[in-house]
Amino acid sequence: MPKHQLDPNTWIQLYSDYLFNYTISRVNDKEVAKDLVSETFLAALKSMKNFKGEASERTWLTSILKRKVIDHYRKINSKKGKAEVRMALNDNLENDGGDWLEERVADPFDKTAEDKLENSELKDAIFNCLGKLPEKQAEVFKMKTILGYETETICNELDITASNLWVLIHRARTSLASCLEKNWF
Amino acid sequence: MGLFNIKCNQAGHICDKSQYDEAKFWEILKLKIHHLYCEVCRKHSKRNATLTQLVKSSKIEILDQQTKEDIQRQFQKELAKHQ
């Protein structure tokens with residue numbers, strides 16, 4: 001009996017946000033990220049028979065997505081050709097070979113590997129905690145807090161009253177705070 | 001003074017609204033006064049603000065509803081072929 005089983009009916013609801021977030025931090029383009037996530041679900045559907053049940057659904061879907069991201073970069077590179085234009089710091093390349101202007105300028109927005117790791121761990125912790133919330137609470141919290149939708153928009157979209165929304169938000173926030181306290185703070 | 005007295009559940013509601021900049025000036029004032037004598041709400045507000053800060057600093061990005069529905073529609077078509 002495999003440890004994990006696949007249920008494609010729940011994939012988009014459960015994993016699309018996680019996979020999108022994973023992709024956007026790697027391709028930096030929302031439209032490309034959306035396409036890659038969509039392609040991942042379709043590819044997963046086709047390779048369901050290869051799922052051995054050893055990894056969780058999310059891990060398995062992420063591994064398919066990783067390959068999609070790599071393919072995406074391969075495609076870009078083959079389109080771009082091999083040419084690469086870089087600006088030289090000075091003309092004397094023999095003495096300063098490989099010393100490029102862009103490498104001499106410190107990027108104030110450049111994050112250290114440690115910052116990036118911490119940020120991706122935080123994202124994972126938030127996604128894990130969001131995954132433990134009841135579906136409706138998670139949905140309302142995401143729309144209000146992450147997507148920044150107006151209260152009225154969410155109420156219309158989900159057909160709920162404003163007071164109902166605030167109750168859901170309150171419950172979601174309380175559960176998330178205690179979950180993150182255990183897993184992150 | 002009674003005007004500024006609020007119960008803990010009201011304080012919690014104002015605290016939630018203030019996380020989204022939707023609490024009015026008077027509501028925030030009432031909340032601050034409530035915090036002066038209610039330690040539980042004071043702690044809750046601090047925790048709530050930390051959560052807001054964490055989510056903001058994580059720079060988490062998710063799909064908007066419309067895109068999710070589009071992906072779902074496309075996926076359902078393919079899924080139907082497999083079932």
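None of the values given here were measured: they were computed from a predicted structure. The chains referred to below are lettered A, B, ... by the order of the sequence lines, with proteins before strands, and numbering in each begins at 1.
Residues B:F75 and A:P8 meet the side-chain proximity criterion, which asks for heavy atoms closer than 4.5 Å.
Remark: B:I71 CD1 to A:S38 OG distance equals 5.0 Å, nearest 0.5 Å. Rounded to the nearest 0.5 Å, atoms CG (A:L130) and CD1 (B:I62) are 8.0 Å apart. Note: A:L42 CG to B:E78 CD = 5.5 Å, rounded to the nearest 0.5 Å.
The closest side-chain donor-acceptor pair between B:Y20 and A:T151, if any, does not fall under 3.5 angstrom. Side-chain N/O atoms of A:S178 and B:R47 include no donor and acceptor closer than 3.5 Å.
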### Message
Is there a side chain to side chain contact (heavy atoms under 4.5 Å, CB included) between B:D64 and A:F20? Walk through the geometry before answering.
### Response
CA-CA 10 Å; B:D64 59 84; A:F20 177 73; over 6 Å; no
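Applying the side-chain contact (heavy atoms from CB on, under 4.5 Å) test between A:I12 and each of B:E69, B:Q72, B:Q76 identifies B:Q72 as the sole match.
Put simply, the side chain of A:R173 gets close to the backbone of B:N48: a donor and an acceptor are under 3.5 Å apart. Formation of a donor-acceptor pair under 3.5 Å by the A:N21 side chain with backbone atoms of B:I60 is not found in this model.
In terms of non-hydrogen atom pairs under 4.5 Å with chain B, the most contact-rich of A:Q13, A:E121, A:M48, A:M143 is A:M143. When each of B:K56, B:Q74, B:Q65 is scored by its heavy-atom pairs under 4.5 Å with chain A, the top score falls to B:Q65. Contacts with chain B were tallied for A:L19, A:T145, A:N9, A:I169; A:T145 has the most, counting heavy-atom pairs under 4.5 Å.
Neither the backbone nor the side chain of B:Q66 comes within less than 4.5 Å of any heavy atom in chain A. Contacts of A:Y149 with chain B are made by side-chain atoms alone, with heavy-atom separations under 4.5 Å and no backbone atom involved. Looking at B:E22, the atoms closer than 4.5 Å to chain A (heavy atoms on both sides) all sit in the side chain, from C-beta outward.
A:W166 and B:H13 have perpendicular rings, their planes meeting at more than 60° on a 0 to 90° scale where under 30° would count as parallel. Aromatic ring pairs are classed by plane angle as parallel below 30°, tilted from 30° to 60° and perpendicular above 60°; the pair B:H44 and A:H170 is tilted.
Under the 4.0 Å criterion applied to side-chain N and carboxylate O atoms, A:K34 and B:D70 are not assigned as salt-bridge partners.
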